[in-house]
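Heads up, the thing below is written out as structure tokens.
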Amino acid sequence: MAAINIDAALERFDNETDIYLEIGQAFLESGVVDSKGIEEAFAAGDAQKALYHAHKIKGAALTVGADTLASFAGKLEAGLRSDPAADYSVLASSISRETAIVLAEMTEIIRRLKTRS
């Protein structure tokens, strides 16, 4: 199963691949930063910073069509809002793994879309 629902994502952009390419490229840059940001925030005991990065990942993942990643990030965001002191290590690990999968898939999608243009 694909980590990115490219058809649904492109539909949101009226099949404008140039726009999706720009957003996909931005996601490649921000996904790594925000995934690491969650890890670093938890290591520092900073729930607010983890919440910030989870929210950013959720929005970006929804935009590019990475629904599973968005779901994980949304669960983390909701959890941090209701109980910032709880242990979210399993969920944070899931986000990290899924981010790596999505980034690899996004790299391939960008390559394919650029060759079609």
**Request:** Determine the minimum heavy-atom distance between Ser96 and Ser35, stating which atoms define it.
**Result:** CA-OG, 3.7 Å
**Asked** For Val90, does its backbone N or O pair with a side-chain atom of Ser94 as donor and acceptor, under 3.5 Å?
**Response** yes
**Asked** Closest approach of Ala41 and Ala50, non-hydrogen atoms and distance?
**Response** CB-N, 3.4 Å
**Request:** Over all heavy atoms of both residues, which pair between Val102 and Ile4 is shortest? Give the atoms and the distance, please.
**Result:** O-CD1, 3.7 Å
**Carboxylate-amine/guanidinium contact Arg111 Glu108, below 4.0 Å** = yes
**Prompt:** Looking at CG of Leu69 and CE of Met106, how far apart are the two atoms once the value is rounded to the nearest 0.5 Å?
**Reply:** 10.5 Å
**Request:** Scan for side-chain hydrogen bond (donor to acceptor under 3.5 Å, both in side chains) pairs involving residues 63-73, sequence neighbours excluded, and state none if there are none.
**Result:** none
**Asked** Are Phe13 and Leu28 linked, directly or through other ILVMFWY residues, by side chains that come within less than 4.5 angstrom of each other?
**Response** yes
**Request:** Answer whether the closest heavy-atom distance between the side chains of Glu98 and Ile95 falls below 4.5 Å.
**Result:** no
**Request:** Please answer: with hydrophobic residues joined when any side-chain heavy atoms are less than 4.5 Å apart, are Val64 and Leu10 in the same cluster?
**Result:** yes
**Request:** Could you check if a side-chain atom of Val32 sits within less than 4.5 angstrom of a side-chain atom of Lys36, using non-hydrogen atoms only?
**Result:** yes
**Prompt:** Once you round to the nearest 0.5 Å, how far does CG of Leu113 lie from OG1 of Thr115?
**Reply:** 7.5 Å
**Message:** Quick check for you: to the nearest 0.5 Å, what is the distance between Glu22 atom CD and Ile110 atom CD1?
**Reply:** 11.0 Å
**Prompt:** NZ of Lys56 to CD1 of Ile38: how many Å apart, nearest 0.5 Å?
**Reply:** 10.5 Å
**Prompt:** Closest heavy-atom contact between Gly79 and Tyr88?
**Reply:** O-OH, 2.6 Å
**Minimum heavy-atom distance between Ala70 and Ala61, given as atom pair plus value** = N-CB, 3.6 Å
**Request:** Hey, could you give me the CD/OG distance between Glu39 and Ser89, rounded to the nearest 0.5 Å?
**Result:** 11.5 Å
**Prompt:** Is any side-chain heavy atom of Leu103 less than 4.5 Å from a side-chain heavy atom of Phe27?
**Reply:** yes
**Message:** Around atom OH of Tyr52, are there more than 12 heavy atoms from other residues, nucleotides or ligands closer than 6.0 Å?
**Reply:** no
**Request:** Only counting residues at least two apart or in another chain, list the ones meeting salt bridge (Lys or Arg N to Asp or Glu O under 4.0 Å) with Glu29.
**Result:** none
**Prompt:** For the hydrophobic clusters of this structure (ILVMFWY residues joined by side-chain heavy atoms under 4.5 Å, transitively), does one cluster hold both Ile23 and Ile57?
**Reply:** yes
**Request:** Search all heavy atoms of Gly74 against all heavy atoms of Lys58 and return the closest pair with its distance.
**Result:** CA-CD, 3.6 Å
**Complete:** Sorted by chain and number, sequence neighbours left out, side-chain hydrogen bond (donor to acceptor under 3.5 Å, both in side chains) with Arg81 holds for Glu77
**Interatomic distance, Glu40 atom CD to Asp34 atom CG [nearest 0.5 angstrom]** = 10.5 Å
**Prompt:** Is any side-chain heavy atom of Ile109 less than 4.5 Å from a side-chain heavy atom of Tyr20?
**Reply:** yes
